[in-house]
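What follows is one structure encoded as structure tokens, with my remarks underneath.
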Amino acid sequence: MPIVDAHRRLHGPYTAGSALLHHLVPIALERSRDLVAAHDIEIRAVAPGLRDAVPAARTPLDDALAEDERILVPAPRRTLRLANGVAEFVRAVAPPGTALVVSNGSAADPTDGELLAVLARRIPADRLTVVVYADGPAPPADERGPDELWEEVDRCVREGFLHAVAELGELGMGRALPGSPAWWRFAQRTATALGGLGRTAEARRLWERTRRVSQDPAVHAAGAYGIAMLDARHRDPARRDLGRARGWLNQAIAISELLPDPMERAFKLGFDRNGLALVEVRLGKIERALRLVDSALELAAELGERHPLHRMVLLANRAQLLAALGRTQEALEDYAAAIAIDPFFPDYYVDRGNLWFSLGEHDRALADYENAMRAGPPLPEAYYNRAELRIARGDPEGALADLTHVLELDPGYLDAYINRAGLLAAAGRDDEARSDVNAGLVVGPGNPYLLAVLGQLETAAGRAQAAMSAFDLAIAAAPSLAGAWANRGVLRFETGDAEGAVADLSRAIELEPQADLYANRAVGLRALGRTAEAEADEQLAAAL
């Protein structure tokens, strides 16, 4: 391949990724159209110039809707899913010795930076060599007008390229008349993208700016909703202000109720009530949240065939609330209705699979997890949940394979390190388990579950003091972690502290009564001469 200029001003997100796919997709189409079809979503998103050559085998509903009905903004993690899908495609089709040489790497869009890192991590160097130069010639300034910029911003919103939305949206606002419909479109998308990226202060300032330049009630309702979501969804739970969010949502609802157009009123009012339901959920008021979502669905019925994604989200939200209230059959019916609206939206397969799993319906849970895997680019959560299902079914090797794949897709997936370390330790593969513990503690310093596994590993290695320290840290971080109490109790007994062992095992039993805990405490009680209590524990262990 020739050197690829990755400067984002040339072609925006995936400038380098698009060039790579333009080189490889024609080769792949000659060899296996099925392989191309299996990665249609990733190819069409990363290289829009190939959309005519790569028909959509999986077509999300969003693709066929008008702009005002596309209400879903993909989470920032979607680009990691796209990058993994592209990496798997490239690994399958790139001839050995392929080289991707990139200039202007420091000016690339974050989507390209992420993709290049995934390609380098997941594809052997003898098949694909990635070379990135930070610098290169600067392209000309971006002179596009508002209409051209809007086309790109709209595409980036639809695909979840949030960094580009934030940058190009600000540029578009500067080239549109403040307060005009075009300016408002840029402002709304930019503020939403900033919020999704966790740039909360910038998003809040922009929402406030929209309120200062407009007297349109719909703009003020949307601004109030946007500010409320910044308070309700803040990534740091300690910085969420649910009371303030409720106030902004009440304002949004009050304005939306006065909108003159009945269709716009029904849609926006339902949207706002759904937002207020989120606040109620986070306050633990599930019944109140359910009433709000029910009322939003009643309003959605007034929209006829319009806004199907809005109905899908409301149905799935109601399903979650019904499941939380133990109304599982109704929840399953709502999940089925939501999935039927867009069978290529994977999230609700995972949510329904989790509900099936909790009901002991393992085959149905498995089917949903695997449907989620097929519905779009690689989804780490689906493999992680299938691993938990395989653990429950007594298939640790299958679970290990799934967890390994999760960490290939996302090396920052903390829970996968926790579960894989535990499985490896249980299998006696202590060196591998320790490696996962160390890697996981880099991602989540002080994680109590990893510290508990570390305590087990140190115990097995005969390092009692280090094991005790690990268990102490785990318990200090998570006082309700029964396993840490239980294992520290066993260690205390082995180091001659029967009183401490009985105390720790008693606490573990309070948290999670299990047969082996009673049996172990019985041993400690006998060592202390408390025979009657020991016999009682032995009877409880046998009964359990």
Side-chain angles (χ1 to χ4, degrees), residues 41 58 60-62 71-78 80-81 160 196 229 232-233 270-271 274-275 277-282 284-287 289-290 292-294 296-297 300 308-393 399 402-403 405-406 409-410 413-416 419:
I41 292 175
R58 300 166 293 178
L61 178 62
D62 190 86
I71 61 167
L72 296 177
V73 178
R77 283 173 55 83
R78 181 173 188 262
L80 178 60
R81 296 180 59 204
M229 289 300 103
R233 292 176 172 162
F271 205 86
N274 186 51
L278 171 64
V279 173
E280 300 294 2
V281 166
R282 295 204 161 155
K285 298 176 180 177
I286 306 299
E287 293 279 6
L290 179 60
L292 284 164
V293 175
D294 278 338
L297 278 163
L309 286 180
H310 176 54
R311 279 196 303 280
M312 179 184 77
V313 170
L314 292 174
L315 286 165
N317 287 355
R318 187 169 69 178
Q320 291 177 345
L321 296 170
L322 290 167
L325 293 169
R327 295 163 61 178
T328 54
Q329 185 55 45
E330 295 167 88
L332 290 167
E333 290 169 1
D334 274 353
Y335 276 132
I339 289 168
I341 291 173
D342 186 359
F344 294 106
F345 189 75
D347 300 47
Y348 301 144
Y349 287 115
V350 173
D351 291 343
R352 188 175 66 177
N354 294 342
L355 181 53
W356 283 126
F357 187 17
S358 71
L359 296 171
E361 295 280 357
H362 290 178
D363 288 342
R364 287 174 165 169
L366 178 63
D368 271 347
Y369 296 149
E370 294 182 348
N371 278 330
M373 295 172 191
R374 288 188 289 268
L379 182 64
E381 289 76 11
Y383 290 95
Y384 176 82
N385 289 0
R386 189 173 70 176
E388 293 208 314
L389 176 59
R390 286 176 161 171
I391 292 170
R393 285 182 149 185
D402 274 347
L403 292 169
H405 190 54
V406 171
L409 296 173
D410 182 2
Y413 204 117
L414 179 60
D415 285 349
N419 284 7

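- How far CG of Leu297 is from CG of Leu292: 11.5 Å, rounded to the nearest 0.5 Å.
- Listed for the Arg81 side chain is a donor-acceptor partner under 3.5 Å among the backbone atoms of Pro377.
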For side-chain contact (heavy atoms from CB on, under 4.5 Å), just list the numbers for Leu366 and Arg393, CA-CA rounded to whole Å, side-chain angles, deciding distance to a tenth of an Å, and then say yes or no. CA-CA 11 Å; Leu366 178 63; Arg393 285 182 149 185; 3.9 Å; yes
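- The structure places CG of Asn317 at 11.5 Å from CG of Asp294, a figure rounded to the nearest 0.5 Å.
- Aromatic ring pairs are classed by plane angle as parallel below 30°, tilted from 30° to 60° and perpendicular above 60°; the pair Tyr335 and Tyr348 is tilted.
- Of the inter-residue distances, the one linking Glu388 atom CD with Leu403 atom CG reads 8.0 Å to the nearest 0.5 angstrom.
- Minimum heavy-atom separation, Tyr349 to Pro343: OH-O, 3.0 Å.
- Side-chain contact between Arg77 and Asp410 is present, with heavy atoms from C-beta onward closer than 4.5 Å.
- At least one donor-acceptor pair under 3.5 Å links the side chain of Asn371 to the backbone N or O of Ala367.
- Separation of atoms CD1 (Ile71) and CZ (Phe271) is listed at 5.0 Å; rounding is to 0.5 Å.
- Minimum heavy-atom separation, Asp334 to Leu315: CB-O, 3.5 Å.
- Within the model, atoms CD of Glu381 and CG of Asn354 stand 10.5 Å from one another, a figure rounded to the nearest 0.5 Å.
- Pairing each heavy atom of Leu332 with each of Arg352, the nearest pair is CD2-CG, 3.9 Å.
- For Arg282 (side chain) and Ala232 (main-chain N/O), a donor-acceptor pair under 3.5 Å exists by modelled atom type.
- Taking CE of Met373 as the start and CG of Asp402 as the end, the distance is 5.5 Å to the nearest 0.5 Å.
- Phe344 places none of its side-chain heavy atoms less than 4.5 Å from the side chain of Ile41.
- Taking every heavy atom of both residues into account, Ala387 and Ala399 meet most closely at O-CB, 3.5 Å.
- The closest side-chain heavy-atom distance from Asn274 to His310 is not below 4.5 Å.
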side-chain contact (heavy atoms from CB on, under 4.5 Å) for Tyr383 and Leu409? Distances and angles first, verdict last. CA-CA 10 Å; Tyr383 290 95; Leu409 296 173; 4.1 Å; yes
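- With hydrogens and angles disregarded, no donor-acceptor distance shorter than 3.5 Å links the side chain of Arg318 to the backbone of Glu330.
- Nearest heavy atom pair, residue Trp356 against residue Asp368, reads CD1-OD2, 3.3 Å.
- Scanning both residues, Met312 and Ala338, for their nearest heavy atoms gives CG-O, 3.5 Å.
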